[in-house]
6 protein chains.
Amino acid sequence: MSRPFTLFTGQWADLPLEEICQHVREWGYDGLELACWGDHFDVQRALHEDGYLAGRHELLAKYDLKCWAISNHLTGQAVCDHPIDQRHQGILPARIWGDGEPEGVRQRAAAELADTARAAAAFGVNTVIGFTGSSIWHTVAMFPPVPESMIDAGYQDFADRWNPILDVFDAEGVRFAHEVHPSEIAYDFWTTHRALRAVDHRPAFGLNFDPSHFVWQDLDPIAFLDEYRMRIYHVDCKESRMRLDGRSGRLGSHLPWGDPHRGWDFVSTGRGEIRWEDIFRMLNSIGYSGPISIEWEDAGMDRLRGAAEAITFLRRFDFDPPSAAFDAAFSSSSG
Amino acid sequence: MSRPFTLFTGQWADLPLEEICQHVREWGYDGLELACWGDHFDVQRALHEDGYLAGRHELLAKYDLKCWAISNHLTGQAVCDHPIDQRHQGILPARIWGDGEPEGVRQRAAAELADTARAAAAFGVNTVIGFTGSSIWHTVAMFPPVPESMIDAGYQDFADRWNPILDVFDAEGVRFAHEVHPSEIAYDFWTTHRALRAVDHRPAFGLNFDPSHFVWQDLDPIAFLDEYRMRIYHVDCKESRMRLDGRSGRLGSHLPWGDPHRGWDFVSTGRGEIRWEDIFRMLNSIGYSGPISIEWEDAGMDRLRGAAEAITFLRRFDFDPPSAAFDAAFSSSSG
Amino acid sequence: MSRPFTLFTGQWADLPLEEICQHVREWGYDGLELACWGDHFDVQRALHEDGYLAGRHELLAKYDLKCWAISNHLTGQAVCDHPIDQRHQGILPARIWGDGEPEGVRQRAAAELADTARAAAAFGVNTVIGFTGSSIWHTVAMFPPVPESMIDAGYQDFADRWNPILDVFDAEGVRFAHEVHPSEIAYDFWTTHRALRAVDHRPAFGLNFDPSHFVWQDLDPIAFLDEYRMRIYHVDCKESRMRLDGRSGRLGSHLPWGDPHRGWDFVSTGRGEIRWEDIFRMLNSIGYSGPISIEWEDAGMDRLRGAAEAITFLRRFDFDPPSAAFDAAFSSSSG
Amino acid sequence: MSRPFTLFTGQWADLPLEEICQHVREWGYDGLELACWGDHFDVQRALHEDGYLAGRHELLAKYDLKCWAISNHLTGQAVCDHPIDQRHQGILPARIWGDGEPEGVRQRAAAELADTARAAAAFGVNTVIGFTGSSIWHTVAMFPPVPESMIDAGYQDFADRWNPILDVFDAEGVRFAHEVHPSEIAYDFWTTHRALRAVDHRPAFGLNFDPSHFVWQDLDPIAFLDEYRMRIYHVDCKESRMRLDGRSGRLGSHLPWGDPHRGWDFVSTGRGEIRWEDIFRMLNSIGYSGPISIEWEDAGMDRLRGAAEAITFLRRFDFDPPSAAFDAAFSSSSG
Amino acid sequence: MSRPFTLFTGQWADLPLEEICQHVREWGYDGLELACWGDHFDVQRALHEDGYLAGRHELLAKYDLKCWAISNHLTGQAVCDHPIDQRHQGILPARIWGDGEPEGVRQRAAAELADTARAAAAFGVNTVIGFTGSSIWHTVAMFPPVPESMIDAGYQDFADRWNPILDVFDAEGVRFAHEVHPSEIAYDFWTTHRALRAVDHRPAFGLNFDPSHFVWQDLDPIAFLDEYRMRIYHVDCKESRMRLDGRSGRLGSHLPWGDPHRGWDFVSTGRGEIRWEDIFRMLNSIGYSGPISIEWEDAGMDRLRGAAEAITFLRRFDFDPPSAAFDAAFSSSSG
Amino acid sequence: MSRPFTLFTGQWADLPLEEICQHVREWGYDGLELACWGDHFDVQRALHEDGYLAGRHELLAKYDLKCWAISNHLTGQAVCDHPIDQRHQGILPARIWGDGEPEGVRQRAAAELADTARAAAAFGVNTVIGFTGSSIWHTVAMFPPVPESMIDAGYQDFADRWNPILDVFDAEGVRFAHEVHPSEIAYDFWTTHRALRAVDHRPAFGLNFDPSHFVWQDLDPIAFLDEYRMRIYHVDCKESRMRLDGRSGRLGSHLPWGDPHRGWDFVSTGRGEIRWEDIFRMLNSIGYSGPISIEWEDAGMDRLRGAAEAITFLRRFDFDPPSAAFDAAFSSSSG
């Protein structure tokens with residue numbers, strides 16, 4: 001399909017953006033999905049500092065790279081989350097964390113997301129990728145018993161907090177692509193269904209498809225693409241691998257990434273369980289023409305090697321459909 | 001093995017205990033695992049009301065039933081939990097919930113668990129079953145990133161809160177059997193390993209084996225019994241059933257029990273995925289001689305029908321081992 | 001659910017109806033799904049012979065049986081079929097076969113189906129079960145290449161022939177339940193989708209759910225019930241069993257039923273691959289309250305033994321849902 | 001099929017035959033497959049002691065039991081085995097073990113097998129079941145490297161030792177049914193093929209089908225019945241169960257029966273992996289009309305309970321085929 | 001094995017043969033399996049036009065290509081087919097279709113197949129690949145009930161129509177390789193068995209092995225090669241891929257190739273389910289030394305990319321067996 | 001990890017060592033695991049011939065190769081084996097075979113293994129790889145019944161024969177790496193457990209991990225590495241492939257390597273069932289830093305092609321772990 005291939009810079013935020021540009025150019029990427037952290041893309045500078053956005057464009061252009069989407073997972077997470085704790089402090093800018101009082105954190109995060117839409121528009125991209133957070137994720141195991149009203153309130157909270165943000169997205173002509181992911185308001189097939197309904201299927205709210213989170217949930221990413229085809233605004237190609245042996249389970253055992261006793265883990269794209277062939281064929285079928293972004297995470301492999309091999313691996317699936325049906329040739333009979 | 005079969009009364013707490021006694025006698029149970037809620041077993045009355053315990057014994061005896069263990073899952077859950085919220089309010093006695101300030105709730109719950117050991121001893125049973133709660137369960141999806149120190153602190157919190165309780169258990173000659181279960185400090189193979197280490201493998205802290213929670217985690221309950229054989233203090237036979245179809249996932253989608261879009265559900269014992277034959281053979285191998293308690297939950301079936309069929313189903317696996325090896329007979333040669 | 005259980009009489013048409021009544025009464029059935037062949041239910045006598053229908057009712061009542069649906073698979077098959085050949089001659093009444101000229105056969109069959117609706121109404125049942133036939137089934141392997149226009153024409157032919165019949169159904173207040181089945185216009189998930197669209201989803205056209213035909217197609221009968229819940233007008237419980245070993249395939253090898261080299265076969269209900277537990281739970285979920293009809297076919301077993309054991313087997317799944325959620329009892333805390 | 005059901009007495013040789021007769025009569029068996037050890041059937045007394053055989057017949061008749069086959073696995077094993085060691089001493093009569101010199105043991109065993117044929121004929125049964133032993137079984141793992149000539153010699157040794165025995169079988173009108181089993185010259189599909197060829201497919205040499213040995217070899221017992229249908233002289237219904245978890249393997253780890261770390265084990269018939277439904281349907285297809293003999297071995301269950309439940313379990317599969325094709329009824333059209 | 005690799009030109013018949021020659025030479029093919037349609041190989045010109053065959057040879061030689069087999073699937077299909085309809089009209093030359101009267105079409109097709117043998121012989125190749133058609137394929141779902149006599153007649157029709165054609169093949173020293181394929185008289189393991197028997201296993205009738213048709217039938221292509229080793233006259237390497245998700249079934253739902261709701265599809269060789277490693281090892285074992293022909297069909301991929309990657313993929317499996325057993329080296333002991 | 005890659009020379013012993021050096025250098029290997037047979041490494045010359053070891057070092061250095069371990073599988077096999085027969089004669093040096101009297105063979109083999117430790121030390125390598133043999137392997141199928149005392153004696157025999165050898169290893173500062181393998185005293189998870197216990201877990205006795213032998217036993221090689229991490233002294237990368245089809249079983253049917261009716265076979269590394277990705281990740285986790293040695297066996301492929309592709313294949317898994325956790329980058333927030 002000759003779709004552009006990008007690298008998501010979120011896991012590389014310890015590196016200066018220019019160093020990343022050098023790498024990805026060499027590896028054959030077409031562009032970057034810029035993270036709104038590290039020094040990669042600063043929402044506030046974008047809105048308030050003259051020349052910042054032009055500088056970003058120049059830097060990308062210097063390496064013949066483009067940007068189709070920016071990502072603000074980290075701040076987005078705080079918009080709805082409960083509880084808010086040290087985990088958020090670890091990933092939020094100090095000005096958003098502030099004194100850490102949860103409701104204040106949530107409101108500053110929401111304001112930042114609205115600003116992210118404004119910055120994206122100013123930068124010339126129409127897609128912001130991110131997380132929503134969730135006030136009910138911690139009830140996932142259903143014990144203590146969870147009243148249905150509590151679930152209802154969780155989706156309502158999501159709608160109440162995100163609708164004003166999405167109003168800004170609409171005003172700016174930008175759309176938000178939520179990454180379906182455990183910890184979030186929409187983490188699987190049916191929670192996506194409910195989250196979309198909670199915001200009345202407004203077009204400003206769509207999805208970032210990342211199949212790595214489907215693997216350990218036993219979900220079919222192809223069926224997901226088929227069902228939500230109208231809302232697939234962006235694609236992140238992260239990979240997962242299972243190692244279930246009866247002792248290592250699906251819930252991770254509170255073990256760190258890369259621990260061999262985890263039942264599953266993120267691995268370099270191409271080294272896991274995902275049926276990329278089927279995914280790319282379905283992306284062709286539903287007419288997705290946006291970027292293919294590689295989100296690279298592997299706690300067991302050096303990233304310089306991994307990000308290079310990942311794009312080689314994935315390009316293999318990015319083929320064009322034929323111009324005619326193969327059995328049409330059977331009608332070319334001779335006489 | 002002629003082990004006793006009991007019914008756990010937790011899901012029947014809306015019924016007077018005597019009504020339950022009538023049912024289980026008729027269905028062929030040998031006794032009850034009494035819940036410390038409803039009117040079934042009241043810890044404070046047991047400790048402070050003359051004749052209460054004698055009355056419980058008389059009631060059981062009237063129906064030729066016995067009790068080998070009492071259960072206090074609901075209050076136990078609050079000992080370590082974070083966050084504490086309306087879910088806990090729904091299941092805790094008012095005197096423990098109090099004003100709902102979390103730390104106060106936790107401490108009152110801890111005191112009640114210590115009292116539960118005292119009440120058990122007074123009642124003449126040496127096993128209390130329950131949950132521990134957990135201050136880190138909500139981090140299960142590992143995003144936002146969880147510092148290892150936060151996990152360490154979670155296990156330390158568990159040890160700090162439970163060691164004093166377990167001291168009372170030791171003093172009373174009673175042991176606590178934690179039910180390995182998502183939402184708890186030990187919910188799978190490796191978290192059990194770590195929880196046992198956190199309390200220095202003290203014998204007062206053991207396990208209530210309930211395989212229904214292993215199914216959706218893809219864990220092998222037989223390997224679990226093999227590994228933790230010395231800590232299997234009680235067995236609850238609850239059942240689970242999977243319905244994974246690519247759309248319904250393992251994490252439940254915040255859907256209520258019995259919803260057909262859930263990827264798994266609890267069902268009447270004997271109607272699910274659990275290999276009971278292997279479990280009972282392993283229980284024989286490790287020498288478990290305690291009660292077989294049926295914890296009956298099925299959001300799709302009437303419980304009066306279900307609890308009756310469950311014991312018939314399970315008795316089929318409660319066979320005696322042979323007195324001699326079968327191939328010993330080959331040596332009885334004729335001449 | 002205390003749904004009525006019936007036996008479909010189609011495979012017993014060599015026996016007088018009264019003999020069947022004697023058997024099923026003894027085996028514990030509640031009624032019959034009467035076939036419109038043999039001497040079981042004669043559409044023309046029903047319409048034209050005084051006392052015929054009263055006699056049928058009396059016979060059923062004599063054995064305390066009821067009828068909720070009648071079936072006319074055999075004649076229905078001829079409405080759309082192409083080619084029409086000796087197979088149809090073998091199952092059609094002589095007056096419908098006539099001279100065997102295909103278009104004449106199809107039109108007489110269509111007229112008979114309209115009469116079947118009239119007879120059902122006169123008999124007091126509101127469901128007629130049957131097949132539609134198909135003019136395009138023979139293209140199933142897609143070689144020689146099949147123009148899309150040919151498939152379009154096949155569905156149009158179905159609509160053209162069945163809409164006038166369904167007009168009579170509407171007029172009579174009766175509905176047609178098509179059995180989704182290879183050889184028919186709707187034989188799987190997506191052909192059902194298209195067939196319903198072809199008749200504009202008119203309510204007169206619904207489905208007879210029979211999971212035995214899903215097994216060899218690798219279809220999920222539970223997902224089917226979920227999707228087409230509004231159109232499940234009747235349920236036939238026939239069973240299938242696979243014996244795939246690399247040599248015996250899914251397409252049957254033109255071998256007769258019961259041949260051990262077939263890759264699959266119909267077997268007595270309860271002796272195959274179907275997950276009846278999930279099916280009945282889904283029937284409860286979607287609120288199906290009609291009869292459970294056993295369609296018994298097993299080329300390897302005597303039917304008198306089989307039909308008796310099948311109802312015993314299936315009754316096990318016909319349980320009532322509970323009156324309250326099991327975890328509601330957790331709130332009955334003591335104080 | 002109303003085939004007779006028998007119990008193989010080999011694992012009950014510590015009990016007097018009359019006690020076994022009492023049990024099996026009560027459990028509903030039709031007869032016994034008598035072992036030539038214990039006091040059950042003594043080949044030499046049968047040949048040399050007046051009234052011995054009449055006494056056996058009287059004892060069986062007293063309990064309304066019959067015998068269709070006798071078994072001499074233990075002595076048969078020694079005919080070809082290499083090495084001969086304490087294992088054989090443990091199961092052989094002293095007069096056959098003698099001084100234990102291997103070739104002498106083998107020859108005395110061969111003579112005893114010939115006598116077994118004579119005794120069977122005198123007793124009025126035409127089938128002797130047993131093992132052949134093997135001089136090459138110990139090479140099964142193929143290291144040290146095994147020259148093809150060594151395998152060739154193994155089959156030749158089998159033919160050389162058994163052909164003279166089979167000559168006696170032919171002379172007596174009796175046939176030998178070798179149980180396909182690891183440790184023997186024929187233990188799977190292809191070794192059976194070669195063993196039959198080694199004795200030129202002479203009809204005196206057939207097979208005792210016991211699917212329990214197929215389970216851990218991953219062999220398809222149905223395909224075996226299909227292929228060797230002409231040589232299925234007897235059927236033993238023993239059962240196996242797998243417990244593969246990555247640590248327990250298929251080769252048994254030199255662990256005793258019943259050890260939970262074995263990857264597989266024999267279990268009471270009906271409690272394992274075998275698809276009995278398919279086996280009995282194939283037995284119907286190939287026209288097997290001999291006895292169904294239950295060989296009961298389960299190191300984890302009391303045999304008195306097990307042998308009683310096994311026959312109840314298996315009778316469920318012993319149904320008659322129908323008298324007519326089910327779809328023949330479709331032609332009984334009304335008019 | 002250094003077998004030649006060819007491309008089947010059937011799906012490229014819209015291109016002039018020379019253009020194909022240019023492509024395949026560049027991609028590394030050794031030759032072509034020429035289709036008897038498009039301008040690739042014209043049977044009548046081959047027989048009647050001076051210099052035609054020499055011209056074909058010259059063209060191939062110009063690109064250093066060879067031809068080992070020609071294919072006439074399209075006309076072969078019409079020899080036995082019933083019904084004959086617009087699908088055949090779409091793929092047959094006008095002179096064979098004629099007025100479309102079915103029996104006339106069949107007879108002209110049969111005559112053309114005989115001519116194809118003559119043309120092959122004249123061209124210097126000894127293998128003609130193709131389809132037989134079938135008069136009974138449309139009965140595959142076995143409803144309406146199919147009398148055994150109708151199946152018998154179908155195989156007899158095949159023998160009656162093909163034996164005269166095969167007489168010409170014999171006379172010309174050419175053999176016919178039927179592609180086992182749904183829609184044909186032999187489409188799986190057992191129908192192949194019966195079709196071979198129908199023509200008395202005459203050597204003129206053999207098989208073109210194409211595993212892509214085995215995938216959706218759940219057949220084992222390796223077992224097929226083992227069983228029919230003597231009849232494997234040619235190998236076509238087409239590939240299939242399954243996408244079964246409970247909604248998309250094995251029978252294709254009358255959906256066009258490439259539709260994402262099909263349960264299976266043809267894909268570029270190397271991108272599907274086929275275990276090519278096992279197939280090539282078995283081809284080595286049975287001594288197949290003919291061409292490996294790539295039949296390329298993928299409704300989702302551009303063919304110029306696909307046909308190039310397919311040969312690279314397959315060459316990986318075309319390795320030579322060793323000259324000596326690896327464990328022979330163990331005997332090279334030092335002294 | 002930049003571990004060295006070596007080729008095991010055992011299957012190449014028909015070639016002069018220098019020829020092998022030429023090949024492996026060209027293919028990119030870093031060194032050799034030298035076999036103590038052929039002309040590769042002669043234990044007695046190493047101990048007694050001046051300059052022999054220097055010459056070996058020079059030869060390796062000439063091709064820039066190194067040696068980290070030597071192997072003496074063949075002689076090791078005879079230390080415990082029973083029976084001793086022509087198979088051993090085929091692989092032992094004449095001076096060890098001698099007159100073939102079993103006990104003499106065993107003792108000479110034991111002496112040679114002690115000498116192998118001395119030779120390794122003299123050569124400067126600290127690991128000797130090999131087999132132990134077993135006196136009880138032939139009892140693997142557990143019939144005739146095996147007394148537990150016989151198994152006990154087998155492990156005692158192993159300890160009795162190997163402890164004196166291991167004393168020499170300790171004295172020389174060399175360790176023995178037993179290859180876990182059917183035919184040996186330790187062939188799976190639990191026999192390894194018992195063998196280690198039999199020699200009191202003395203450090204001189206460790207393991208050579210070769211996953212090819214785990215495949216047909218259905219063992220999990222990853223769990224094995226996890227459990228025995230302290231004893232993994234060397235890694236051999238041989239590969240296996242299953243072809244189970246119901247007829248070909250796990251026990252090999254006494255068929256030669258490469259026969260298509262075997263249920264499994266050794267194949268060129270990278271062409272089988274082994275999950276190398278998981279193996280290398282676990283090797284990283286347990287800190288294995290020794291050589292990765294390719295043991296190449298494939299009865300269906302030319303070894304010159306295979307050994308070249310195997311190293312290319314395996315290098316793909318030999319990646320470095322990252323220097324920091326990927327989610328650490330999330331903390332690089334901007335401000």
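Both backbone and side-chain heavy atoms feed into the values below; hydrogens, waters and symmetry mates do not. Letters A, B, ... are given to chains in the order of the sequence lines, protein chains preceding strands, and every chain is numbered from 1.
- Remark: the backbone N or O of E/Pro291 is paired with a side-chain donor or acceptor of E/Tyr288 at under 3.5 angstrom.
- A donor-acceptor pair is defined here as one N or O able to donate and one able to accept, closer than 3.5 Å; no such pair exists between the side chain of F/Ser134 and the backbone of F/Asp81.
- No side-chain donor-acceptor contact under 3.5 Å links F/His261 to the backbone of F/Arg247.
- For F/Arg45, no part sits under 4.5 Å from any heavy atom of chain E, backbone or side chain.
- The interface of residues 207-234 of chain E with chain F, defined by heavy-atom distances below 4.5 Å, comprises E/Asp220, E/Ile222, E/Ala223, E/Asp226.
- The residues F/Arg108 and F/Glu112 are annotated as not salt-bridged, no charged nitrogen and carboxylate oxygen being separated by less than 4.0 angstrom.
- Chain E forms more heavy-atom pairs under 4.5 Å with one residue of F/Arg305, F/Arg271, F/Glu297, F/Glu309 than with any other, namely F/Arg271.
- The side chain to side chain contact (heavy atoms under 4.5 Å, CB included) search around F/Glu19 returns F/Leu15, F/Pro16, F/Gln22, F/His23, not counting sequence neighbours.
- Each of F/Val43, F/Asp245, F/Val267 has some count of heavy-atom pairs under 4.5 Å with chain E, and the biggest count is that of F/Val267.
- Electrostatic pairing of E/Arg315 and E/Asp30 counts as a salt bridge here, judged by a charged N lying under 4.0 Å from a carboxylate O.
- When each of F/Gln89, F/Gln11, F/Arg241 is checked for heavy-atom pairs under 4.5 Å with chain E, F/Arg241 comes out on top.
- Listed by chain and number, the residues in a ring-ring contact (aromatic ring centres under 6.0 Å, His included) with E/His73 are E/Phe8, E/Phe131 (sequence neighbours excluded).
- Using a 4.5 Å cut-off between heavy atoms, F/Asp259 makes no contact with chain E at all.
- In this structure, the side chains of F/Trp296 and F/Arg303 come closer than 4.5 Å at one or more pairs of heavy atoms.
- Counting heavy atoms from C-beta on, the side chains of F/Glu49 and F/Gln44 never come closer than 4.5 Å.
- Inspection of non-hydrogen atoms places no residue of residues 175-205 of chain E under 4.5 Å from chain F.
- Ring pair E/Phe330/F/Trp37 is perpendicular by interplanar angle, where above 60° counts as perpendicular and below 30° as parallel.
- Inter-residue side-chain proximity for F/Leu92 and F/Thr75 is flagged as met; some heavy-atom pair is nearer than 4.5 Å.
- Proximity to chain E is absent for every atom of F/Trp97, based on heavy atoms less than 4.5 angstrom apart.
- Between F/Phe266 and F/Trp257, the ring-plane angle classifies as tilted under the 30° and 60° cut-offs.
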